[in-house]
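Below is one structure; the comments refer to it alone.
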Amino acid sequence: MSNYQIAPSILSADFARLGEEVRNVVAAGADIIHFDVMDNHYVPNLTIGPLVCQAIRPHVQVPIDVHLMVKPVDRLIPDFAKAGANIITFHPEASDHIDRSLQLIRDSGCQAGLVFNPGTPMHYLNHVMDKIDMILIMSVNPGFGGQSFIGEALKKLSIARRMIVESGRAIRLEVDGGIKVDNIRAAAEAGADTFVAGSAIFGQPDYKDVIDAMRAELAKVAR
Ligand code: DX5
Ligand code: ZN
């Protein structure tokens, strides 16, 4: 698999200079902008909403990948679609009607995905694979940037990869949380093709150095 995508999470960017930050990280080689939405209800932190998505939209051409850590889910979907989101993912246990939420995302013109916390079972996928464009495996518990990678996520990536292959569908497999240069290759070998990294990229002075180093690691993945 050579179609790897790096998705910097702006959670660790300098919010006072967000337009410049997203332009710089795309110039450094980012394929996607990962946009973490937290509501101080589903997760114990509060971040950014559709207005900020709308504000950064004109600054970059790459897809904006909105990761909703909110409950309830549906209320915000049309707002993010209007604000320029391209991909919207949510946590299945935060929606009372998963199939409806997925359909609402697609009806809004976006790609749809489900997110799995370290303790969330994968069975939520069983009857909705035909409505999914992305599966996101959390390798930390959601709510904060800068946490350590939870190794159990590698097993879940393998399970998700198997389910995707069996479905025969073009579903992306994203991993989020604690991704660094030294573990990105293991995540790819377990099946991930899309890599969220917040503190690893925005925590360093030269974003291109980090993204290049991540791509060099991905180039070593056994095929
Ligand atoms: C955690 C967020 C992540 C986070 C990743 O709830 O979903 O996207 O920002 O940050 P790092 O890469 O620092 O773990
Ligand atoms: Zn995220």
Side-chain angles (χ1 to χ4, degrees), residues 5-57 59-60 62-71 73 76-77 79-80 83-91 94 110 113-118 120 134-150 153 172 174-184 187 192 194-211 213-214:
Q5 299 197 316
I6 308 276
S9 162
I10 59 172
L11 191 58
S12 295
D14 179 351
F15 277 24
R17 300 186 297 113
L18 205 47
E20 188 187 338
E21 287 277 71
V22 292
R23 288 198 305 274
N24 286 346
V25 86
V26 170
D31 301 295
I32 300 177
I33 295 294
H34 185 80
F35 192 103
D36 285 308
V37 184
M38 305 183 188
D39 67 349
N40 187 38
H41 173 67
Y42 176 67
V43 291
N45 199 356
L46 184 65
T47 60
I48 45 181
L51 281 176
V52 176
C53 184
Q54 191 182 341
I56 63 166
R57 181 68 282 180
H59 290 267
V60 288
V62 300
I64 298 179
D65 165 30
V66 172
H67 173 190
L68 293 179
M69 288 161 273
V70 304
K71 185 177 180 173
V73 173
L76 287 172
I77 289 170
D79 291 2
F80 271 106
N86 302 93
I87 306 161
I88 300 178
T89 62
F90 65 94
H91 292 248
C110 296
L114 290 183
V115 190
F116 294 86
N117 290 334
T120 307
M134 179 181 269
I135 297 170
L136 170 47
I137 301 296
M138 294 301 297
S139 36
V140 297
N141 286 292
F144 303 93
Q147 303 180 80
S148 299
F149 184 85
I150 296 173
R172 294 205 69 89
E174 186 171 49
V175 60
D176 182 5
I179 292 291
K180 315 269 176 220
V181 172
D182 66 8
N183 60 16
I184 195 168
T194 306
F195 306 88
V196 176
S199 49
I201 294 175
F202 287 106
Q204 294 297 319
D206 190 326
Y207 305 160
K208 187 169 186 307
D209 276 358
V210 182
I211 293 173
M214 288 177 163

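Given the structure is predicted, the values throughout are model-derived calculations rather than measurements.
- Distance check: Asn117 CG to Asn141 CG gives 6.0 Å after rounding to the nearest 0.5 Å.
- Residues Met38 and Leu11 meet the side-chain proximity criterion, which asks for heavy atoms closer than 4.5 Å.
- The structure places CE of Met69 at 14.5 Å from NE2 of His41, a figure rounded to the nearest 0.5 Å.
- Checking each of Ile184, Val25, Val210 against Ile6 for a side chain to side chain contact (heavy atoms under 4.5 Å, CB included) leaves exactly one that passes, namely Ile184.
- A donor-acceptor contact shorter than 3.5 Å is absent between the side chain of Thr194 and the backbone of Gln5.
- For the pair Gly177 and Ser139, the tightest heavy-atom approach, listed with the atom from each and the gap, is O-OG, 2.7 Å.
- Minimum heavy-atom separation, Ser148 to Val140: O-CG1, 3.4 Å.
- The two residues Ala197 and Ile179 have their closest heavy-atom pair at CB-O, 3.9 Å.
- Here the CZ-CG distance, from Phe90 to Leu114, works out to 5.0 Å after rounding to the nearest 0.5 Å.
- Looking at Asn183, its side chain does come within 3.5 Å of a backbone N or O of Gly178 through a donor-acceptor pair.
- Looking at heavy atoms from C-beta onward, Ser199 lies out of side-chain contact with Gln147 at the 4.5 angstrom threshold.
- For Asp31, the salt bridge (Lys or Arg N to Asp or Glu O under 4.0 Å) partners two or more places apart in sequence, or in a different chain, are Arg215.
- A side-chain donor from one of His34 and Asp36 sits under 3.5 Å from a side-chain acceptor of the other.
- Listed for the Asp79 side chain is no donor-acceptor partner under 3.5 Å among the backbone atoms of Leu76.
- Using a 4.5 Å cut-off on side-chain heavy atoms (C-beta onward), Asp65 and Phe35 make no contact.
- Between Ile10 and Pro8 there is no side-chain heavy-atom pair separated by less than 4.5 Å.
- Between Val181 and Met214, the closest side-chain pair of non-hydrogen atoms falls below 4.5 Å.
- The shortest distance between side-chain heavy atoms of Val62 and Ile32 does not fall below 4.5 Å.
- When all heavy atoms of Pro118 and Ile150 are compared, the closest pair comes out as CG-CD1, 3.8 Å.
- No side-chain heavy atom of Asp39 sits less than 4.5 Å from a side-chain heavy atom of Val37.
- With values rounded to the nearest 0.5 angstrom, His59 atom NE2 is found 8.0 Å from Leu18 atom CG.
- Between Arg57 atom CZ and Asn86 atom CG the span is 5.0 Å, to the nearest 0.5 Å.
- Counting heavy atoms from C-beta on, the side chains of Asp176 and His67 come closer than 4.5 Å.
- The number of heavy-atom neighbours closer than 6.0 Å to NZ of Lys208, taken from other residues, nucleotides and ligands shown, is 12 or below.
- Here the OG1-CZ distance, from Thr89 to Arg172, works out to 14.0 Å after rounding to the nearest 0.5 Å.
- With sequence neighbours left out, Phe149 forms a ring-ring contact (aromatic ring centres under 6.0 Å, His included) with no residue at all.
- In this structure, Ile211 and Ala30 approach most closely via the heavy-atom pair CD1-N, 3.9 Å.
- The minimum heavy-atom distance between Phe80 and Pro50, with the atom names listed, is CZ-N, 3.5 Å.
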